[in-house]
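Down below is the structure, laid out as structure tokens.
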Amino acid sequence: MRTNLITPEGFDALTKELDYLWREYRPEITKKVAWAASLGDRSENADYKENKRLLRSIDSRIRFLRKRIDALKVVEYSPVQEGKVFFGAWVEVENEQGEVKMFRIVGPDEIYERKDYISIDAPMARALIKKEVDDEAIVPTPEGEKIWYINDISYQNSSK
């Protein structure tokens, strides 16, 4: 399951990546492919083969991003979200052993390279949705259900 939600920051990051790939990186690699091809025998030309492979990879990512960006719904912050966990919230939770975690609930396209983001599709996020501070969330895990208590909820754009 993959939810088609994204924060405004995540949407900006994906559109910037697409713009960079299409306007800067792809033309650079295309020039390298053309140069390597001009050298003659392509069957033994490592520059040609590697840059051609790279160009295919870039084109694949560009196709993916174009389709994905069209499918996404940007979720803006709303003051009615205050006090409850919804998409885009920063949440601090604690378990009975005193282990504390802090993370932001975002779309699945935003979690890469961020250790403090979790996907809205994750069991933890699903268990926290609509909960308030001091509520407990029962999270299904491979080892069984775990209980987490909500210590704090905030939104980046909020006036807190």
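One is the number of the first residue; the rest follow in order along the sequence.
Among all heavy-atom pairs drawn from Ile29 and Asn51, the shortest one is CG2-O, 3.4 Å. For the pair Ala127 and Ala137, the tightest heavy-atom approach, listed with the atom from each and the gap, is O-CB, 3.7 Å. In plain terms, the two heavy atoms of Phe11 and Ile6 that are nearest each other are N-CD1, 3.4 Å. The shortest heavy-atom contact between Asn151 and Val93 is ND2-C, 4.3 Å. Of all the heavy atoms in Ile153 and Ala89, the pair that sits closest is CG2-CB, 4.3 Å. Contact record, Pro8 with Val75: CD-O, 3.4 Å, taken as the closest heavy-atom pair.
For the atom pair CG of Asp134 and CD1 of Ile150, the computed distance is 9.0 Å after rounding to the nearest 0.5 Å. Once rounded to the nearest 0.5 Å, the distance linking CD of Glu28 with NZ of Lys32 reads 5.0 Å. Interatomic distance, CG of Asp12 versus CD of Glu9, reported as 7.5 Å (0.5 Å rounding). In this structure, Ile118 CD1 and Phe103 CZ are separated by 4.0 Å, a value rounded to the nearest 0.5 Å.
With Asp135 contributing its side chain and Glu132 its backbone, the two residues share a donor-acceptor pair below 3.5 Å. Between the side chain of Arg104 and the backbone N or O of Gly88 there is at least one donor-acceptor pair closer than 3.5 Å. Between the side chain of Asp19 and the backbone N or O of Thr15, no donor-acceptor pair lies under 3.5 Å. For the pair Ser119 (side chain) and Asp121 (backbone), a donor-acceptor distance under 3.5 Å is present. A donor-acceptor pair under 3.5 Å is formed between the side chain of Tyr155 and the backbone N or O of Phe86. Of the possible polar contacts, one joining the Asn45 side chain to the Ala36 backbone as a donor-acceptor pair under 3.5 Å is found. The backbone N or O of Arg26 sits less than 3.5 Å from a side-chain atom of Thr30, completing a donor-acceptor pair. Glu50 places no side-chain N or O within 3.5 Å of a backbone atom of Asp47 that could act as its donor or acceptor partner. Not one N or O on the side chain of Asn4 forms a donor-acceptor pair closer than 3.5 Å with the backbone of Lys73. Although no hydrogens or angles enter the test, the distance criterion places a donor-acceptor pair under 3.5 Å between the side chain of Glu110 and the main chain of Thr7.
Remark: Arg114 is positioned above the aromatic ring of Tyr117, its terminal NZ or CZ atom under 6.0 angstrom from the ring centre and at most 45 degrees off the axis. With Trp22 as the aromatic partner, Arg66 meets the cation-pi criteria of under 6.0 angstrom to the ring centre and within 45 degrees of the ring axis.
Residues Met102 and Val100 do not share a hydrophobic cluster, clusters being chains of Ile/Leu/Val/Met/Phe/Trp/Tyr side chains in contact below 4.5 Å. Placement of Val74 and Leu14 within a single hydrophobic cluster is found when ILVMFWY residues are connected by side-chain heavy-atom separations under 4.5 Å, directly or transitively. By the rule that hydrophobic residues join a cluster once side-chain heavy atoms approach within less than 4.5 Å of another member, Leu72 and Ile105 end up as members of separate clusters. In the hydrophobic clustering of this structure, Tyr77 groups with Val133; members are Ile, Leu, Val, Met, Phe, Trp, Tyr whose side-chain heavy atoms approach within less than 4.5 Å, directly or through other members.
For the residue pair Glu17/Tyr25, the side-chain donor-acceptor check at 3.5 Å is not satisfied.
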Practice task
Decide yes or no on side chain to side chain contact (heavy atoms under 4.5 Å, CB included) for Asp152 and Val91, but give the supporting numbers first.
Solution key: CA-CA 6 Å; Asp152 188 47; Val91 184; over 6 Å; no
Handout entry: Audit row: Ile111, Val106, side chain to side chain contact (heavy atoms under 4.5 Å, CB included) steps and yes/no
Key = CA-CA 7 Å; Ile111 59 173; Val106 297; 3.9 Å; yes
Exercise for the section: Starting from the C-alpha separation in whole Å, work towards a yes-or-no answer on side chain to side chain contact (heavy atoms under 4.5 Å, CB included) for Lys146 and Ile138. Expected result: CA-CA 6 Å; Lys146 305 284 183 187; Ile138 300 170; over 6 Å; no
Exercise for the section: Go through Trp90 and Asp116 one step at a time and tell me if the side chain to side chain contact (heavy atoms under 4.5 Å, CB included) criterion holds. Expected result: CA-CA 9 Å; Trp90 283 96; Asp116 58 345; 3.3 Å; yes
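Side-chain atoms of Leu54 and Val33, non-hydrogen and from C-beta on, never get closer than 4.5 Å to each other. Using a 4.5 Å heavy-atom cutoff, the side chains of Ile69 and Leu18 are in contact. By the 4.5 Å heavy-atom criterion applied to side chains, Trp148 and Glu99 are counted as neighbours.
For Glu143, the CD atom sits in a packed shell: over 12 heavy atoms of surrounding residues, nucleotides or ligands are nearer than 6.0 Å.
The residue from Glu96, Lys131, Glu92, Glu94 that alone fulfils the side-chain hydrogen bond (donor to acceptor under 3.5 Å, both in side chains) condition with Tyr149 is Glu96.
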